[in-house]
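Down below is the structure, laid out as structure tokens.
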Amino acid sequence: MDLKDKICIVTGAASGIGRAIAARYISAGAQVAIADLKLETAESVAAELTAQGPGRAIGVAMDVTDEAQVNAGVASVAQQWGGVDVLVSNAGIQIVHPVEDFPFADWKKLLAIHLDGAFLTSKACIPHMKSKGSGSIIFMGSVHSREASPLKSAYVTAKHGLLGLARVIAKEGGTHGIRANVICPGFVRTPLVDRQIPEQAAELGISEKEVIERVMLGETVDKEFTTVEDVAEVAFLFAAFPSNALTGQALNVSHGWNMS
Ligand code: NAD
């Protein structure tokens with residue numbers, strides 16, 4: 001399996017999991033657009049990853065909730081490099097509150113980044129994939145695409161929703177060689193998770209150590225965090241898989257936290 005010279009767009013690639021996926025693709029010789037909120041940060045990550053090679057990266061300013069920015073960003077990548085082969089819709093945030101205290105504005109903000117972001121980026125990339133007769137769309141789901149946890153109503157709703165959107169795109173894309181799949185990671189130590197540890201300790205009235213050992217890793221087979229590199233390997237598999245046989249799927253990478 002090969003990604004050499006493939007044109008890839010990874011959203012939320014200035015940090016955490018997205019950055020590791022971009023690095024993995026570049027290590028395989030791909031051309032990767034680092035799409036994130038701030039152009040300066042995206043460009044500086046792109047420069048660091050290009051220096052590692054053998055592939056190359058560019059930075060693209062993109063708020064995935066803004067249709068005009070998504071369309072402009074995807075169009076500029078397609079024009080510069082000649083199409084789009086792989087989309088990883090990865091940008092995401094976390095906000096935790098019990099349902100009765102969840103500010104409606106925060107609910108809408110979270111759903112917009114995860115769901116509108118996946119929809120808008122897919123919508124913009126699919127025509128480019130259709131014209132090539134192939135493409136791979138990857139959504140960053142979560143074990144929370146299959147499980148629920150207290151305080152995470154918006155996140156769990158969004159991550160479950162991504163399974164539905166991926167399955168529809170898999171069906172619509174089949175005759176065009178366009179595949180759609182979802183990666184479902186367990187807890188990964190990124191800024192998104194580091195912020196949650198004190199927040200959850202305060203909301204649940206337990207220590208930070210208990211949040212890690214009980215809430216985050218309690219159901220794993222070995223009490224280990226999943227790593228960004230683990231998730232990036234799955235993202236490589238979904239991107240480079242050579243046929244439509246692997247489509248409409250969701251794959252857990254979670255140290256056995258969820259086995260469905
Ligand atoms: P992170 O905070 O390290 O990175 C998220 C990136 O998304 C940041 O670079 C941020 O600037 C970007 N972003 C946020 N809003 C955006 C927007 N509107 N438009 C474009 N970019 C935006 O987080 P992470 O842990 O790497 O999370 C990446 C994805 O992985 C998210 O979808 C998250 O839900 C998912 N995920 C994370 C974990 C985990 O444990 N860290 C587990 C399962 C799934």
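Since the structure is predicted, the reported quantities are computational estimates derived from the model, not experimental observations. In each ligand, atom 1 is the first atom listed, and ligand 1 is the first ligand listed.
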Looking at atom 35 (C) of ligand 1, what's its closest protein heavy atom, distance included? Met140 CG, 3.6 Å

Nearest heavy-atom contact between Ile178 and Ser134 is CG1-C, 4.4 Å

N or O pair under 3.5 Å between Val64 and ligand 1: yes

Does the distance from a Lys or Arg side-chain N to an Asp or Glu carboxylate O, for Lys223 and Glu213, drop under 4.0 Å? no

So, is Val188 polar-close to ligand 1, with some N/O to N/O distance under 3.5 Å? yes

Does a side-chain heavy-atom distance below 4.5 Å link Ile7 with Lys132? yes

Between ligand 1 and Gly186, can you find any atom pair, the residue atom being a heavy atom, that is separated by under 4.0 Å? yes

Go through the steps for His114 and Tyr155 under the test ring-ring contact (aromatic ring centres under 6.0 Å, His included), then give the verdict. CA-CA 8 Å; His114 291 263; Tyr155 190 80; 5.4 Å; yes

If you draw a 6.0 Å radius around CD in Glu43, do more than 12 non-hydrogen atoms from other residues or ligands fall strictly inside? yes

Does the N or O separation between Ser142 and ligand 1 drop below 3.5 Å for any pair? no

Can you tell me which residue and heavy atom of the protein come closest to atom 23 (O) of ligand 1, and the distance to 0.1 Å? Leu192 CB, 3.3 Å

Any heavy atom of His114 closer to ligand 1 than 4.0 angstrom? yes

Quick one: nearest non-hydrogen protein atom to atom 3 (O) of ligand 1, plus distance? Ser15 OG, 2.6 Å

Is Arg189 close enough to touch ligand 1? Criterion: a residue heavy atom under 4.0 Å from a ligand atom. no

List every atom of ligand 1 that sits less than 4.0 Å from any heavy atom of Asn90, numbering the atoms from 1 in the order shown and giving each element. 28 (C), 29 (C), 30 (O), 31 (C), 32 (O)

Under-4.0 Å heavy-atom contact with ligand 1, by part of Lys159 that carries it: side chain

Sub-3.5 Å N/O-N/O distance, Thr190 and ligand 1: yes

Minimum-distance protein heavy atom relative to atom 20 (C) of ligand 1: Met62 O, 3.1 Å

Check ligand 1 against Phe187 and write out every atom of the ligand that is under 4.0 Å from a heavy-atom position of the residue. 40 (O)

Output every pair passing ring pair (Phe, Tyr, Trp, His ring centres under 6.0 Å) with a member in residues 10-53, not counting sequence neighbours, ordered by first then second residue. none

Please check if any side-chain donor atom of Asp230 sits under 3.5 Å from a side-chain acceptor atom of Thr227, or the reverse. yes

Looking only at protein heavy atoms, which one is nearest to atom 38 (C) of ligand 1, and how far off is it? Ile17 CD1, 3.9 Å

Any non-hydrogen atom of Tyr155 lying under 4.0 Å from ligand 1? yes

Backbone N/O of Asn90 and side chain of Thr11: donor-acceptor pair under 3.5 Å: yes

Nearest protein heavy atom to atom 44 (C) of ligand 1, by residue and atom, and its distance? Gly141 O, 3.2 Å

Under 4.0 Å to a heavy atom of Val193 - the qualifying atoms of ligand 1, by number: 39 (C), 40 (O), 41 (N)

Students should be able to answer this: which protein heavy-atom is nearest to atom 21 (N) of ligand 1, and at what distance? Ala91 CB, 3.5 Å

Please could you name the atoms of ligand 1 that Arg195 approaches to less than 4.0 Å, counting only its heavy atoms? 2 (O)

Starting from atom 9 (O) of ligand 1, find the nearest protein heavy-atom neighbour and note its residue, name and distance. Asp36 OD2, 2.7 Å

Do you see a donor-acceptor pair shorter than 3.5 Å between the side chains of Ser260 and Asn258? yes

Between ligand 1 and Ile113, can you find any atom pair, the residue atom being a heavy atom, that is separated by under 4.0 Å? yes

pair Val64-Ile113: side-chain heavy atoms closer than 4.5 Å: yes

Are Glu147 and Lys159 ion-paired here, with the side-chain N under 4.0 Å from a carboxylate O? no

If the condition is side chain to side chain donor-acceptor pair (under 3.5 Å), which residues does Asp2 pass it with, not counting sequence neighbours? none

List every atom of ligand 1 that sits less than 4.0 Å from any heavy atom of Pro185, numbering the atoms from 1 in the order shown and giving each element. 42 (C), 43 (C), 44 (C)

Glu40 atom CD: more than 12 heavy-atom contacts under 6.0 Å: no

